[in-house]
Amino acid sequence: MSKAQERLQTEMPTTYDPTVAEQRWYDAWIQGGYFRAGRRPDAPKYSIVIPPPNVTGMLHIGHALDFTLQDILIRFKRMQGFDALWLPGTDHAGIATQTKVEQKLREEGVTRYDLGREAFLEKVWEWKEHYANTIRSQWGKMGLSLDYSRERFTMDEGLSQAVREVFVRLYEKGLIYRGKRIINWDPAARTALSDIEVEYKEVNGHLYHLQYPLADGSGHLTVATTRPETMLGDTAVAVHPEDPRYKPLIGKMLRLPIVNREIPIIADEYVDREFGSGAVKITPAHDPNDFEVGQRHDLPQITVMDESGKMNELAGPYQGMDRADCRKAIVKDLQEQGVLIKIEDHVHQVGHSERSGAVVEPYLSTQWFVSMKPLAEKAIEAQKSGQGVNFVPERFEKIYLHWIENVRDWCISRQLWWGHRIPAWYCDACGEMHVSREDLAACPACGGASLRQDEDVLDTWFSSGLWPFSTMGWPDEDSADLKKYYPTDVLVTGYDIIYFWVARMIFTALEFTGEIPFRDVLIHGLVRDAEGRKMSKSLGNGVDPLDVIAEYGADAMRFMLSTGSTPGQDVRYRTEKVEQARNFANKIWNASRFALMNLQGFAAEDIDLSGPLSTADRWILHRFNETARDIARLMENYDFGETGRLLYNFIWDDLCDWYIEFAKLTLYGEDDAAKRCTQSVLAYVLDRTLRLLHPFMPFLTEEIWQHLPHEAGETITLAAWPAYDPKFEAEEAVKEMSLLMEAIRAVRNIRAEVNVSPGKKVELLIKPSGAAEESILRRNETYVRRFCNTSSLALDAGLAPPDKAMTAIVTGAELYLPLAGLIDIGQEISRLEKELANLNAEVERVEKKLANEGYIAKAPAHVVEQERAKGQDYRDKRDKVLARIAELRG
RNA sequence: GAUCUCAUAGCUCAGUUGGGAGAGCACCAUCUUGACAGGGUGGGGGUCGCAGGUUCGAACCCUGCUGAGAUCACCA
């Protein structure tokens, strides 16, 4: 072993150790400032803003998928010469983070009310700092090429200013209003929620039939309800105006049991005559539909619960009870009074808070809303006129449109402490309300100083919706980043937040920047566990990306996630898949070790592709060239799965299994000129292949590239993306290689069949079909000798086949192995007959196809031509096999 | 109820404008050959969910059905 080889052994052990490369290179990349945008001021830009992860905790494997896809795109574009910006950041995630911090405090025996607003917020900021750091370190472990100099947080100063600006402008336009409405109330978190923060789950409940007596004592009316406790807030019973059963009762009064209040029977078309009894109790303060009915009929609104879901003073004897307890109690009481006449099982959908899990209460309260119609119309028009964003896969456009076409006003106020405080002030002196960009100290109307700012904060998604432009410096229209990098090129995210986030970014961007915020939206699926279940804390089936990285390496994880899925489709996390990716990394590592051992003393300047290249040399250059071309095309289409397959097949099959084996012949041979050619090709192809792979496996490729002779450049991160080069086209080398490969395979096959060990030399006779084939085989005779391990090789078009020999018919040649003592003529004949049957079937199939007039007339010419050529090939082979069988039979 | 996705080898999944069915793992045989046993070589295994239709030609397009899942909307 030479000294150089020894050094290689210590620097490059036989197994790739990801931890070494990962530690070495991420810091170096950051130090070098390679990820900073603006390095190529004159180049066209390519920009992505990261979907900001919540500062609620650590990143999970779903983040790893999302970020890997973006990193692949940004690295690809950076190598292509774009001025690439990938802007990082985090989201304050109002309700989610506040819940987490409150939970932590509760474990310490403290509530947020004990601390007070200011002290509580300090705790949240501490939490935020801690997790933002954790997230940053996780980004590093994943190898993400983020421009940290531009990192943003939804609650930092600039973004908060953007939030105020948007709020004030919408308010001034009349698109933000304050009003008393039925909203979704989370009694656990004690805050309002938007419609999409409510998850409907199927619940086995009951339908209670209650008999309300008429006030004049003339009878009863039966109503059906799933929520009997709300009867305390009933202010009417509604029937359908055309329902003959109840028509005479309309306008009469009922006496509400327990509370003994008189309520009217009203007529409203909202009532479905078929359902239940056809009469509906109306509780305007606790049901959105009833609220509407109440508005139409001018009914009183009686709220019978408080903010925590407990019954209030209007609930009489039930005051202080929790909703659920009250239901039990009231059912019992109604039963005793004979009012409850029937209980049916009833399956229905019940809304739960997406965050706290509590059953959401439709609740009447004063909140802030965004008037969605005008904003939605703009977005719909943009999309339908072709000026909208381009969804990948396309089907998500329909999902988006469906939502935005049916969207209702957006409740944006939250009764939380963590978030952007609503910029509205109330004057105690004159009673006026003022909405302002700046904090107000005195009332602009009366000059009074007793101003109170609205206690509520904004929905988290209000600020997230501005992310693509607020991070670039908006509302400062002169911001250099805004001018250069906005709008962004692509947004990469999961289908689960299309409504929450994607839609909101689109309509706010259109309203405030007059442009769509990104050209493409790449939608990916969720990462599920091995059984296909959603990962969740309660199941404990979550996968920590750091664990995966520690065990298999970041590159293996990245490769598995990015190439193991199709856009929009969920991925299952299975260890076998990561193992496969890890093995792939190791394969590349070892191929590189081989190359480096044979490139000792060979420098980048020595690479010379103009010499007498061998068939294999020209072939691998051709294969590399078309692989590079195909990959660039696939990457533009976000087809990472297919890209991965192409890379895998090219590297493993073509480069490692064939080219390197062929290369050994010249590398270990005596011909120095041929050796230099192979060294050049090996160095060149490996360098360029690493570049193709770099966006997927940044650490491994950098580590190897740094050892390899390559063009000047301090990092593969900034190396040029290999463009297709017509000078490498070598169709004839492809043909030659396929003849050689087919012949070599055939001989290996026969040897395996008769158990001749690969180490044992055999005699081989080759009869080429023509002069061209003969010339190819003669030129590459050394390959054939080596890979077929021949003791003697006869190559002659006029060859007379020996009687006792195994036969292989390939395209362009007949091969004979006279294996004395191993051949049973009968067996050989039946083997050939089997092959004959296969060939006959093929010939028949092709001929049948070609006999079809419609096919000849309508199929594309090149397809027909291909088929004809195949047919000819099969016939040739068949005839030769036939002839051989005849010979053997004598 | 509406919309959407999925159904392909034992398992997990690809299949790029319709042109003779693929990969990895698993399995079998074989090779301890000087980059790699996390390897090499070779092999077995699929009526592409079912039924129709369009087409010269369908895993792919259309219709219906079955099964699994998702999203949205709901009648109290």
Side-chain angles (χ1 to χ4, degrees), chain A residues 1 8 12 14-16 195-196 200 207-208 223-227 230 237-238 270-283 287 289-290 293 346 348-349 393 395-396 398-399 402-403 406 495-496 498-499 525-526 530 532 534 552 563-566 568-572 574-577 579-598 630 633-634 637 639 641-642 644-645 648-649 656-657 660-661 664 668 744-745 748-753 755 757-759 789 842 845-846 849 852-860 862-864 866-867 870:
Chain A
M1 194 183 278
L8 201 63
M12 295 188 78
T14 56
T15 302
Y16 170 57
D195 292 343
I196 47 180
Y200 288 90
L207 192 58
Y208 302 88
V223 297
T225 181
T226 52
R227 306 181 57 208
T230 62
V237 167
Y270 150 73
V271 179
D272 177 358
R273 279 173 278 185
E274 308 301 319
F275 190 87
S277 63
V280 194
K281 59 192 269 315
I282 300 296
T283 323
D287 182 281
N289 291 312
D290 292 5
V293 175
H346 182 66
H348 60 145
Q349 304 286 327
R395 68 183 132 92
F396 290 104
K398 206 171 156 184
I399 310 249
H402 179 260
W403 183 77
N406 295 287
Y495 58 70
D496 51 333
I498 291 177
Y499 305 140
L526 269 39
K534 214 166 165 173
Y552 301 98
T563 67
S565 70
T566 335
Q569 225 60 46
D570 291 349
V571 208
R572 289 196 197 191
R574 313 185 115 244
T575 48
E576 304 95 276
K577 290 189 198 171
E579 278 168 15
Q580 184 195 334
R582 191 246 349 242
N583 293 351
F584 181 46
N586 198 50
K587 185 74 181 177
I588 298 157
W589 179 256
N590 278 297
S592 304
R593 286 181 66 237
F594 167 81
L596 287 163
M597 284 177 185
N598 290 287
D630 294 346
R633 180 176 50 81
L634 291 166
N637 293 330
D639 199 343
E642 194 59 22
R645 247 159 271 132
Y648 191 95
N649 292 336
C656 295
D657 290 347
I660 287 184
E661 292 309 317
K664 283 175 183 171
Y668 299 152
I744 291 164
R745 273 210 184 99
R748 278 176 181 163
N749 244 329
I750 289 174
R751 299 179 68 127
E753 222 167 307
N755 279 325
S757 84
N789 198 12
E842 292 296 344
R845 190 188 58 73
V846 173
K849 206 168 184 180
N852 184 333
E853 282 174 27
Y855 176 73
I856 301 294
K858 294 186 178 172
H862 72 275
V863 173
V864 177
Q866 238 170 32
E867 203 66 19
K870 273 186 226 162

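If you're wondering where the values come from, they're calculated on a predicted model, not measured in any experiment. Every heavy atom of this structure was used, including side-chain atoms; hydrogens, water molecules and symmetry mates were not. Residue numbers start from 1 in every chain, and the chains themselves are labelled A, B, ... in the order their sequence lines are given, proteins ahead of strands.
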Of the listed nucleotides ([options]), which one gets closest to any side-chain atom of [X]?
| X | options | value |
| --- | --- | --- |
| A:R633 | B:rA76, B:rU16, B:rG42 | B:rU16 |
| A:E661 | B:rA76, B:rA35, B:rA14 | B:rA35 |
| A:V863 | B:rA35, B:rG19, B:rA76 | B:rG19 |
| A:R748 | B:rA76, B:rC36, B:rG42 | B:rG42 |
| A:Q569 | B:rC36, B:rG24, B:rA14 | B:rA14 |
| A:F594 | B:rA35, B:rA76, B:rA14 | B:rA35 |
| A:P860 | B:rC25, B:rG19, B:rA76 | B:rG19 |
| A:Y668 | B:rU12, B:rC72, B:rG34 | B:rG34 |
| A:E642 | B:rC75, B:rU16, B:rU71 | B:rU16 |
| A:D657 | B:rA35, B:rU41, B:rC75 | B:rU41 |

Taking C-beta and beyond as the side chain, do [X] and [Y] meet within less than 4.5 Å on heavy atoms?
| X | Y | answer |
| --- | --- | --- |
| A:T563 | A:Y648 | no |
| A:D287 | A:K281 | no |
| A:T15 | A:W589 | no |
| A:Y855 | A:V863 | yes |

Expressed in whole Å, how much space separates the [atom1] atoms belonging to [N] and [M]?
| N | M | atom1 | result |
| --- | --- | --- | --- |
| B:rA26 | B:rC13 | C1' | 14 Å |
| B:rG64 | B:rA2 | P | 12 Å |
| B:rU54 | B:rG1 | C1' | 31 Å |
| B:rA21 | B:rC28 | C1' | 22 Å |
| B:rG22 | B:rU16 | C1' | 14 Å |
| B:rC25 | B:rA14 | C1' | 14 Å |
| B:rC36 | B:rA59 | P | 45 Å |
| B:rC60 | B:rG15 | C1' | 9 Å |

Taking only N and O in the side chain of [X], is any of them less than 4.0 Å away from OP1 or OP2 of [N]?
| X | N | value |
| --- | --- | --- |
| A:Y495 | B:rG69 | no |
| A:R574 | B:rC25 | no |
| A:K398 | B:rC4 | yes |
| A:T566 | B:rA14 | yes |
| A:K664 | B:rA35 | yes |
| A:N583 | B:rG39 | yes |
| A:N852 | B:rG57 | no |
| A:H402 | B:rC4 | no |
| A:R745 | B:rG42 | yes |

What is the nucleic acid contact for [X], judged by heavy atoms within less than 4.0 Å: base, sugar-phosphate only, or nothing?
| X | result |
| --- | --- |
| A:H346 | sugar-phosphate |
| A:A591 | base |
| A:Y270 | base |
| A:D570 | nothing |
| A:D639 | nothing |

Checklist line | Residues A:R645, A:E642: salt bridge by 4.0 Å N-O rule | finding: yes
Rounded to whole Å, how long is the line connecting atom [atom1] of [X] with atom [atom2] of [N]?
| X | N | atom1 | atom2 | value |
| --- | --- | --- | --- | --- |
| A:E579 | B:rG39 | CD | C1' | 15 Å |
| A:R395 | B:rC6 | CZ | C1' | 10 Å |
| A:L207 | B:rA76 | CG | P | 8 Å |
| A:Q580 | B:rG39 | CD | P | 11 Å |
| A:R582 | B:rG24 | CZ | C1' | 14 Å |
| A:F584 | B:rC36 | CZ | C1' | 14 Å |
| A:N637 | B:rA14 | CG | C1' | 16 Å |
| A:D496 | B:rU5 | CG | P | 18 Å |

Should [N] form a Watson-Crick or G-U wobble pair with both distances under 3.5 Å, which nucleotide is its partner?
| N | value |
| --- | --- |
| B:rG67 | B:rC6 |
| B:rG45 | none |
| B:rC56 | B:rG19 |

Notebook entry, point to check: Relative to each other, are the rings of A:H346 and A:F275 parallel, tilted or perpendicular (30° and 60° limits)?
Noted result: perpendicular
Item checked: First encountered from the 5' end of RNA chain B, between A:T15 and A:R845 -> A:R845
Note to self: Less than 6.0 angstrom from the centroid, inside 45 degrees of the normal: does A:K664 satisfy that with respect to the ring of A:F594?
What the structure shows: yes
Check: At what distance, to the nearest 0.5 angstrom, does CG of A:L526 lie from CG of A:D570?
Finding: 5.0 Å
